[in-house]
Amino acid sequence: MIRDFLDSLSESVERLGDTIRFLVRILAQVPSALLRPQLIFDQVYNAGALSLVIIMLSGLFVGMVLGLQGYDLLQRFGSEDALGTAAAIGLVRELGPVVTALLFAGRAGTALASEIGLMRATDQLSAMEMMAVDPVRRVVVPRFLGGVIAMPLLAAIFSMIGIYGAQLVGVQFMHVDSGSFWSQMQASVDLRDVNEGIVKSVVFGIACSLIAVYQGFHAEPTAEGVGTATTRTVVTSAVIVLFLDYLITAFFLK
Amino acid sequence: MDTTTVNATSPIIDLRDVRYSVGGRAIFDGLDMQVLRGQVTAVMGPSGTGKTTLLRLITGQATADSGSIDVAGVAVVGASRSQVYALRQRMGMLFQNGALLTDISVFENVAFPLREHTRLPERLIRHLVLTKLQAVGLRGAAGLMPAELSGGMARRVALARAIVMDPQILLYDEPFVGLDPISMGVILRLIRRLNDALGLTSIVVSHDVHEITAVADRVFLLSGGRVVAKGTPQELRDSPSDVVKQFVGGLADGPVPFHYPAPDYFEELLSPDGGRFA
């Protein structure tokens, strides 16, 4: 059993190294990919605009739950006026980037992995190579960049909608004073909180996009292989996002 | 391309003593093959003899373990990535299923190599694409998406795409698999016509004996990792060799065995403990 564990550990380390080498290969092609901005815009649309509905809906509900739970907790101490602060900090620093990243992996990540995996399985990537077109530059890099650009924007939208959700529940339903809800938020949420959220969403964007394109590009060229790649994208992204979240949080709170 | 070396009989593709193995299994073991300029050359052989691998070696998608592969004056074995990419711009390849890019239209598929490699004005691209589509009879389908095409049409579009950069060499990987007789006839005629009209050299990997021998100038028969017979289609039909007879005649058993290697039949059936599958 210990042996199995060690084997799977060394396999994971190997895959991690492989993924980072792939990242280097991607980064080397970024300058030439930037010459064709339209390809990247298309992918920002695919990864970002098409994920908007699910992100906005989830943001609304997460914010509303936060409003309810936060109100219930704060009113025990008679400080329900701090609801705005609590909701905003919770969303901007933590829930916004993390939940968005998990949803992003499920919506855009799987789409990327299965699309690239199917291109592999149907020889489209080989065909590009035969036309002397590097598929990493033409297919992978625009999708990677599209994801990296879209993810922070989605996280910001998620947090914004979430704050309105908390306001809806707190102010409209629970009758927290609207003025103190907003003014306390304005007074106590500072740039450091926002920066933490931005750093997280950028890092998660890179991680999720990289995992998706890596899994798709290295998928076994079979139906089963594409399925495995898609599943792995979600599972790996989720674990990595939560792990990185701890690291970044610890870094900002030290 | 220097004109001094060009003459009708010089080999444009020259493989010498090529060895290639995957996972310890030798695919090629001393393969020698010369493809002459301007001809349609057929490469035949039983499934699993590495016909597709041969194309991958020629195009530099796979690297031979030893031996030399010369394609249009470029030594593929040991060539750098950019050399291989430069060489590929002079080659076209037709994949088994066409391998069209599914997210763009037929027109854009054919235009793809032009857009990637040239900065031609849009009018010229349009002109070139429509000419090539006309050559394969599908100018009318320019606006369709790949998913709307039949198998034979997809392969013809892929053929138009393969010739849009005016290559010197055109490679076909199993171009007849899964086609109805009409589409097969169309592709066959296109192979010959494009080869002669555009001054190409064509290599067709296939195991459709009768179809391909009808258009090929020369045939290579691969088996067991090497060339077991070569010559004109007629020479092959007249060959006394058992392997050739089995392949050309479509016989189930012969030098290429019907049975996959297995333990003795009766012993395995009668083994008391269930044998390998217990």
Side-chain angles (χ1 to χ4, degrees), chain A residues 21-22 24-26 28-29 31-47 50 108 111-143 146 213 216-223 226, chain B residues 52-53 55-56 58-62 71 74 79 81-104 108-119 146-147 151 154-155 157-165 167 169-174 177:
Chain A
R21 271 179 46 197
F22 194 58
V24 172
R25 200 172 150 195
I26 289 174
Q29 295 286 346
S32 58
L34 288 176
L35 297 175
R36 308 262 306 264
Q38 189 57 45
L39 291 177
I40 300 171
F41 295 153
D42 290 348
Q43 296 307 325
V44 175
Y45 176 81
N46 279 343
L50 296 182
L112 280 182
S114 57
E115 185 191 12
I116 299 177
L118 268 176
M119 290 177 89
R120 160 81 61 209
T122 53
D123 279 339
Q124 293 183 48
L125 298 182
S126 307
M128 277 190 197
E129 276 185 5
M130 266 314 299
M131 291 185 276
V133 174
D134 183 358
V136 170
R137 178 174 60 77
R138 182 60 174 67
V139 173
V140 172
V141 173
R143 283 166 176 75
V213 293
F217 197 76
H218 294 92
E220 289 280 322
T222 59
V226 176
Chain B
T52 302
T53 311
L55 295 185
R56 290 169 51 82
I58 292 174
T59 56
Q61 293 178 69
V71 180
V74 178
R81 197 180 165 80
S82 57
Q83 278 174 313
V84 169
Y85 268 42
L87 175 64
R88 284 181 191 164
Q89 291 197 35
R90 298 195 273 146
M91 292 198 268
M93 178 156 167
L94 184 69
F95 283 82
Q96 244 178 63
N97 53 15
L100 295 175
L101 307 179
T102 42
D103 55 342
I104 52 180
E108 285 302 320
N109 259 289
V110 180
F112 184 84
L114 295 171
R115 292 201 198 285
E116 292 294 322
H117 293 302
T118 69
R119 299 218 167 275
R155 246 167 271 186
V157 172
L159 192 51
R161 181 178 69 178
I163 57 173
V164 78
M165 292 287 284
I169 302 167
L170 204 46
L171 309 168
Y172 300 81
D173 186 7
E174 305 273 10
V177 171

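To find a chain, count down the sequence lines: A is the first, B the second, and so on, and within it residues start at 1.
- Taken to the nearest 0.5 Å, the CE atom of A:M130 stands 10.5 Å off from the CG atom of B:L94.
- Partners of A:D42 under the side-chain hydrogen bond (donor to acceptor under 3.5 Å, both in side chains) rule, at least two apart in sequence or in another chain, are A:Q38.
- The local environment of CZ in B:R115 is crowded, with over 12 non-hydrogen atoms from other residues, nucleotides or ligands closer than 6.0 Å.
- With a 4.5 angstrom heavy-atom cutoff, B:Q89 touches chain A via backbone and side-chain atoms both.
- At most 12 non-hydrogen atoms from other residues, nucleotides or ligands lie less than 6.0 angstrom from CD of A:E220.
- Interface remark: B:R56 contributes no atoms to any contact with chain A (heavy atom separation under 4.5 Å).
- At a 4.5 Å heavy-atom cutoff, the contact between B:L100 and chain A is made by backbone atoms alone.
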*A:M131 and B:R88: side chain to side chain contact (heavy atoms under 4.5 Å, CB included), yes or no, with the steps?*
CA-CA 6 Å; A:M131 291 185 276; B:R88 284 181 191 164; over 6 Å; no
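- Between A:R137 and B:E116 the shortest side-chain heavy-atom distance falls below 4.5 Å.
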*Which is it for A:M128 and B:F112 under the side chain to side chain contact (heavy atoms under 4.5 Å, CB included) test, yes or no, and what are the steps along the way?*
CA-CA 9 Å; A:M128 277 190 197; B:F112 184 84; 4.0 Å; yes
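- The shortest side-chain heavy-atom distance between A:D123 and B:N97 falls under the 4.5 Å cut-off.
- Of the inter-residue distances, the one linking B:D173 atom CG with A:S126 atom OG reads 10.5 Å to the nearest 0.5 angstrom.
- Summarising the geometry, atom CG belonging to B:L101 is positioned 7.5 Å from atom CZ belonging to A:R138; distances are rounded to the nearest 0.5 Å.
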*Given the rule in the side chain to side chain contact (heavy atoms under 4.5 Å, CB included) test, do A:D134 and B:Y85 qualify, once you have shown the distances and angles that lead to the verdict?*
CA-CA 9 Å; A:D134 183 358; B:Y85 268 42; 3.9 Å; yes
